[in-house]
Number of protein chains: 2
Amino acid sequence: MQAYDQRHEDILDSAESLFAQQGFHATSMRDIARAACISVAGLYYYLPSKQHALSFVCERIFDRLEAGTAESARYSDPYERLSAFVRGHLRYLLTNNRSYRVLLHDMQALDRESSSGVRVRRRRYFQSLVDLLAELEPHAEGNARVAAGALFGMLNWAPTWYREEADGDVEATAERLTELFLRGFRSSALVAEASS
Amino acid sequence: MQAYDQRHEDILDSAESLFAQQGFHATSMRDIARAACISVAGLYYYLPSKQHALSFVCERIFDRLEAGTAESARYSDPYERLSAFVRGHLRYLLTNNRSYRVLLHDMQALDRESSSGVRVRRRRYFQSLVDLLAELEPHAEGNARVAAGALFGMLNWAPTWYREEADGDVEATAERLTELFLRGFRSSALVAEASS
DNA sequence: ATTCGAATCGAATGAACGTTCGATAGAACG
DNA sequence: CGTTCTATCGAACGTTCATTCGATTCGAAT
């Protein structure tokens, strides 16, 4: 049933866009129905509940985020792998309108059973960067977790200040941030190594 | 009217706590009333509207944030000034429960006229860090804005990964992040200088 | 031609929302 | 003692919310 699936995706597109703009709790099922050009009752033919809508939207966003960073695994050089990861992550944040907001702001609105899947994926995604950093600087030891948190912060915050006309395209910004982070991480690791 | 002001503050405390935990739109006036041990109607003796409650809460949070970083101005050395700024900023984020969330997530729920004041303060706060960084590395030129964005990202994201038992106290974490950022910022600036 | 299931809708349901109203208790003041 | 003012409340207002129900359309299958 291709038609059904297509409509389902379109409706999730509308929901995702509204959640990203206004937040989950500020968006009503009527808003979603209006945006998707369907009646409110018709919406429930495709979505069991508003909670499920949020759950579906979160999963989709994660799919895309992971698809964008998965190419980093193709590189054998750890530096290139990190660089590709940052590029993929940042590209998702800075394009796709502002749908990353749903993950960052509205994921907490998921009830317990719906959220467990997404939370596991989030932890794994975080851990993949920790591992990458640990491989890049084996002497960093316990620093990798803090460094991963710092790097994710740098990246996740970028949409609040990034302006294409002032900062160049996404690739250039990704490289600047990678360099900024990596120089700090490397020399901190060297200090930690020297003092041990 | 000391009693009135005290009660007013108590009510804002309750509102702030609930906004931080659940978000603005997920918090009802009935929730606030229950937390503050007052009737719903009684709430309106102290607050003109829910929007005003959010506005008051945001202003209070900014007051405390600025009070915590204001001491950095006492130092003449730019490095120490940055270090103190980071310490003050991070101390606010990592203590005071999770009230920073109201600024980061719910400020956008303010309507146009209520938000202009807070938005101006936010811009000024950001600019103060840009200026500080520009002073620290005069050769960095246009990098200061991006660097300030990166640093704020590192700091604002910290509450999502920080755990006292694993990362030490707030001061130690502030110093680690300051070093991590500053080593990267300085060597990036040197590169930019050398290539010009 | 009749049946059937997929897709859609208008209308309703009960609950919760932000806000307002009129009343009341008690302290302060003349 | 009577009046005024501050702080408080229960009850209601009209609106919106997420969700459900029963009915309808329409192309495909029998």
### Query
Rounded to whole angstroms, how far apart are NE2 on His8(B) and C1' on dA7(D)?
14 Å
### Query
Do the ring centers of Phe85(B) and Tyr75(B) come within less than 6.0 Å of each other?
no
### Task
Kindly assign one of parallel, tilted or perpendicular to the pair His8(B) and Tyr46(B), based on the angle between their ring planes and the thresholds 30° and 60°.
tilted
### Summary
In whole angstroms, the gap separating P of dA18(D) from CG of Leu47(A) amounts to 12 Å
### Rounded distance in Å - CG (Leu43(A)) to P (dA7(C))
14 Å
## Note on the structure
Contacts of Asp31(A) and Pro48(A) projected onto DNA chain D by closest heavy atom; the upstream (5') one is Asp31(A)
### Message
What is the separation between atom NZ on Lys50(A) and atom P on dT20(D), rounded to the nearest whole Å?
### Response
15 Å
### Message
Base of dA7(D), side chain of Arg7(B) - is there a donor-acceptor contact under 3.5 Å?
### Response
no
### Atom pair distance, as rounded to whole Å: OH in Tyr44(A) and P in dG10(C)
16 Å
#### Entry: Trace of the salt bridge (charged side-chain N to carboxylate O under 4.0 Å, His left out) decision for Asp31(A) with Arg34(A)
CA-CA 5 Å; Asp31(A) 291 338; Arg34(A) 198 176 310 120; 3.4 Å; yes
### Query
Within this structure, what is the OH-to-C1' distance between Tyr45(A) and dC21(D), rounded to whole angstrom?
16 Å
### Task
Could you please name the option among dC17(D), dC9(C), dG18(C) that lies closest to any side-chain atom of Arg30(A)?
dC17(D)
### Query
Is there a side-chain polar atom (N or O) of Tyr46(A) under 4.0 Å from OP1 or OP2 of dT8(C)?
yes
### Task
Taking the six-membered ring of Tyr44(B) (Phe, Tyr or Trp), confirm whether the NZ or CZ of Lys50(B) is under 6.0 Å from its centre and within 45° of its axis.
no
### Message
If the cut-off is 4.0 Å, is Ser28(B) near the phosphate of dC17(C), judged by side-chain N/O to OP1 or OP2?
### Response
yes
### Message
Of the listed nucleotides (dA11(D), dT19(C), dG10(C)), which one gets closest to any side-chain atom of Met29(B)?
### Response
dT19(C)
### Query
Are any side-chain N or O atoms of Tyr92(B) and backbone N or O atoms of Ala67(B), one a donor and one an acceptor, separated by less than 3.5 Å?
no
### Query
So which nucleotide from dC17(C), dT19(D), dT8(C) ends up closest to the side chain of Ile38(A)?
dT8(C)
#### Entry: Protein-nucleotide distance (Asp10(B), atom CG; dT8(D), atom P), rounded to Å
11 Å
### Query
Between atom OH in Tyr4(B) and atom C1' in dC5(D), what is the gap in whole Å?
14 Å
